[in-house]
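Inspection log for the structure reproduced underneath, given as structure tokens.
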Amino acid sequence: MKQEPQTTLIDGNEVSGRIRDTLREAVVRLRTDGVTPRLATVRMGDDGTSKTYVSMKQRACSDLGIQSEHHEVDTDEPSATLLDRIEELNADPDVDGIVVQRPLPVHINERDAFRRIDPEKDVDGFHPENVGRLVTGDPRFKPCTPHGIQRLLSAYDIETDGRDAVVVGRSNVVGRPTANLLLQRAPGSNATVTVCHSRTTDLAQKTRGADIVVAATGVPELIDAEMLSAGAVVVDVGINRVDTAARDEPQFVGDVDFESASQKARAITPVPGGVGPMTIAMLLYNTVKAAGLRADVSVDLP
Ligand SMILES: Nc1nc(=O)c2c([nH]1)NC[C@@H]1CN(c3ccc(C(=O)N[C@@H](CCC(=O)O)C(=O)O)cc3)C=[N+]21
């Protein structure tokens with residue numbers, strides 16, 4: 001098989017860069033009004049990559065003129081310590097957005113942690129109030145990865161209205177909110193959405209019927225060309241670490257077999273350089289939005 005010349009590589013670095021440029025201007029205007037957005041990140045546990053993601057978020061903030069602060073909670077602490085820390089950040093008038101980085105240690109109930117965040121500072125969009133608002137068509141903070149996916153599609157003029165979208169994966173952080181977002185009665189949404197998961201009887205039959213496939217399963221290279229119709233749009237949310245003996249640095253593969261899928265797709269996101277950078281851009285977006293809402297100052301968001 002040779003690569004179809006018309007296959008578009010969806011460039012998340014470029015699209016997220018443009019969004020960040022617009023946000024930078026919004027931050028300048030907010031600061032002129034005396035409002036400086038501030039993001040607080042909280043991390044607990046031994047997960048090595050989550051440290052990397054937190055520092056990427058900090059760097060992205062400072063690049064935009066957004067203030068940030070980071071809190072480490074010892075892995076062995078009881079959940080009360082984490083919940084108290086969240087309460088302190090809720091009460092801190094300088095903090096606009098709070099991110100409790102996942103994954104949390106096994107003895108911590110993630111649900112309890114997300115529920116403790118002030119919904120007006122919940123820039124991940126994980127609090128049940130914000131989930132409920134999204135599901136009922138009145139979103140406050142759209143979850144970052146789903147929102148990023150929606151922005152990528154619109155940046156490449158990929159029509160969603162009336163199209164068949166198949167979301168593979170039903171997690172609370174990606175699969176479900178992506179399905180909800182694509183289902184909204186709104187521009188950039190209005191898709192006919194099917195959500196598939198590990199118990200789906202015939203996954204390939206579902207994905208073959210899709211105009212847009214969003215892969216968010218955590219199974220490396222699960223989706224290949226055989227599972228796609230010619231001309232499908234493929235969005236790969238997977239970040240699966242593969243340890244190769246040959247290299248010191250970790251390598252990442254998506255939930256899509258890029259090699260084969262890119263020969264059949266009309267457009268496809270790479271890993272890295274696809275959805276990942278969009279997640280951070282939309283976190284910045286929500287932080288700027290949160291600051292504007294809390295200060296009751298209107299902001300022009302991209
Ligand atoms: N409460 C919470 N909110 C999150 O949003 C959250 C989280 N927990 N836990 C971990 C995941 C993961 N995540 C990523 C963000 C950016 C990239 C990203 O920018 N990736 C680059 C590569 C970055 C690199 O490693 O150099 C890319 O795909 O091109 C990836 C993954 C946010 N997460």
Side-chain angles (χ1 to χ4, degrees), residues 9-17 19-20 39-61 63-64 68 70-73 82 85-86 89 97-105 108-117 119 121-127 130-131 141-149 151-152 169 171-178 215-218 220 235-243 247-256 258 268-287 290:
L9 193 65
I10 298 176
D11 187 343
N13 286 319
E14 205 217 292
V15 178
S16 66
I19 291 172
R20 281 147 77 140
L39 177 71
T41 52
V42 183
R43 212 189 68 85
M44 183 178 188
D46 301 320
D47 186 88
T49 44
S50 96
K51 282 188 185 161
T52 315
Y53 292 136
V54 166
S55 54
M56 285 167 58
K57 289 172 183 180
Q58 307 284 325
R59 225 176 316 124
C61 281
D63 175 55
L64 253 64
S68 65
H70 179 62
H71 301 258
E72 287 277 326
V73 177
L82 175 66
R85 185 61 60 91
I86 293 170
L89 296 170
I98 302 170
V99 165
V100 176
Q101 188 72 11
R102 302 179 53 254
L104 289 167
I108 304 292
N109 183 326
E110 196 175 272
R111 235 182 248 288
D112 290 346
F114 293 149
R115 210 182 334 234
R116 192 61 67 99
I117 299 170
K121 298 187 177 187
D122 170 38
V123 286
D124 268 324
F126 292 162
H127 187 286
N130 289 320
V131 176
F141 298 120
K142 293 182 184 175
C144 304
T145 301
H147 194 189
I149 293 169
R151 295 291 178 131
L152 276 182
S171 74
N172 284 322
V173 289
V174 183
R176 282 171 211 243
T178 300
T217 63
V235 179
D236 189 352
V237 190
I239 316 174
N240 307 292
R241 196 180 167 140
V242 284
D243 289 305
R247 288 173 185 252
D248 290 344
E249 285 185 11
Q251 295 275 100
F252 291 94
V253 297
D255 293 353
V256 175
F258 185 86
I268 186 166
T269 65
V271 176
V275 173
M278 295 299 292
T279 298
I280 295 199
M282 301 333 285
L283 173 67
L284 301 166
Y285 178 102
N286 280 346
T287 304

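For ligands, and for the atoms within them, numbers begin at 1 and follow the listed sequence. No experiment lies behind these values; they were computed from the predicted model shown.
Atom 30 (C) of ligand 1 has its closest protein heavy atom at Y53 CE2, 3.3 Å. For atom 22 (C) of ligand 1, the nearest protein heavy atom (residue, atom name, distance) is P272 CB, 4.0 Å. Protein heavy atom at the shortest distance from atom 5 (O) of ligand 1 is K57 NZ, 3.4 Å. Protein heavy atom at the shortest distance from atom 23 (C) of ligand 1 is M56 CE, 3.6 Å. Protein heavy atom at the shortest distance from atom 16 (C) of ligand 1 is G276 O, 3.4 Å. Given atom 8 (N) of ligand 1, the protein heavy atom at minimum distance is R102 N, 3.0 Å.
A donor-acceptor distance shorter than 3.5 angstrom exists from the side chain of D255 to the backbone of G218, with no hydrogens or angles considered. No donor-acceptor pair closer than 3.5 Å links the side chain of D236 to the backbone N or O of T269. Using a distance-only test at 3.5 Å, with no hydrogens or angles considered, no donor-acceptor pair links the side chain of K57 to the main chain of L283.
Shown in contact with I280 at under 4.0 Å from a heavy atom are these atoms of ligand 1, numbered in order with element: 15 (C), 16 (C). Annotation for ligand 1: atoms under 4.0 Å from non-hydrogen atoms of Q101 are 1 (N), 2 (C), 6 (C), 7 (C), 8 (N), 9 (N), 10 (C). Interface of I239 with ligand 1, defined as ligand atoms under 4.0 Å from a residue heavy atom, comprises 30 (C), 31 (C). Interface of P277 with ligand 1, defined as ligand atoms under 4.0 Å from a residue heavy atom, comprises 18 (C), 19 (O), 27 (C), 28 (O), 29 (O).
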- [ ] Could you go through the side-chain contact (heavy atoms from CB on, under 4.5 Å) check for H127 and R115 one step at a time?
- [x] CA-CA 5 Å; H127 187 286; R115 210 182 334 234; 4.2 Å; yes
Open item on the list: Set out, in order, the CA-CA distance, both residues' side-chain angles and the distance that settles side-chain contact (heavy atoms from CB on, under 4.5 Å) for L64 and T287, then state yes or no.
Closed with: CA-CA 11 Å; L64 253 64; T287 304; over 6 Å; no
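With a 4.5 Å cut-off on side-chain heavy atoms, F114 and N130 do not count as touching. Contact of the Y53 side chain with the I239 side chain is registered, since non-hydrogen atoms from C-beta on lie closer than 4.5 Å.
Note that atom 25 (O) of ligand 1 has no protein non-hydrogen atoms nearby, at separations under 4.0 angstrom.
Using a 4.0 Å cut-off between heavy atoms, F126 contacts ligand 1 through its side chain alone, with no backbone atom that close. Neither the backbone nor the side chain of M278 comes within contact range of ligand 1; no heavy atom lies under 4.0 Å.
Rounded to the nearest 0.5 angstrom, M44 CE and I108 CD1 are separated by 3.5 Å. Between Y285 atom OH and M278 atom CE the span is 11.0 Å, to the nearest 0.5 Å.
Residue contacts with ligand 1: V271 is excluded, as none of its non-hydrogen atoms falls under 4.0 Å. At least one heavy atom of G273 sits less than 4.0 Å from an atom of ligand 1.
Considering backbone and side-chain N/O of V100, one or more are found under 3.5 Å from N/O of ligand 1. Looking at D124 next to ligand 1, an N or O pair under 3.5 Å apart turns up.
Of the candidates E72, H71, H70, R43 forms a side-chain hydrogen bond (donor to acceptor under 3.5 Å, both in side chains) with just one, namely E72.
In the model, Q58 has a side-chain atom that pairs as donor or acceptor with a side-chain atom of T41 under 3.5 Å.
The heavy atom nearest to atom 32 (C) of ligand 1, out of those in T279, V99, V237, D47, is found in T279.
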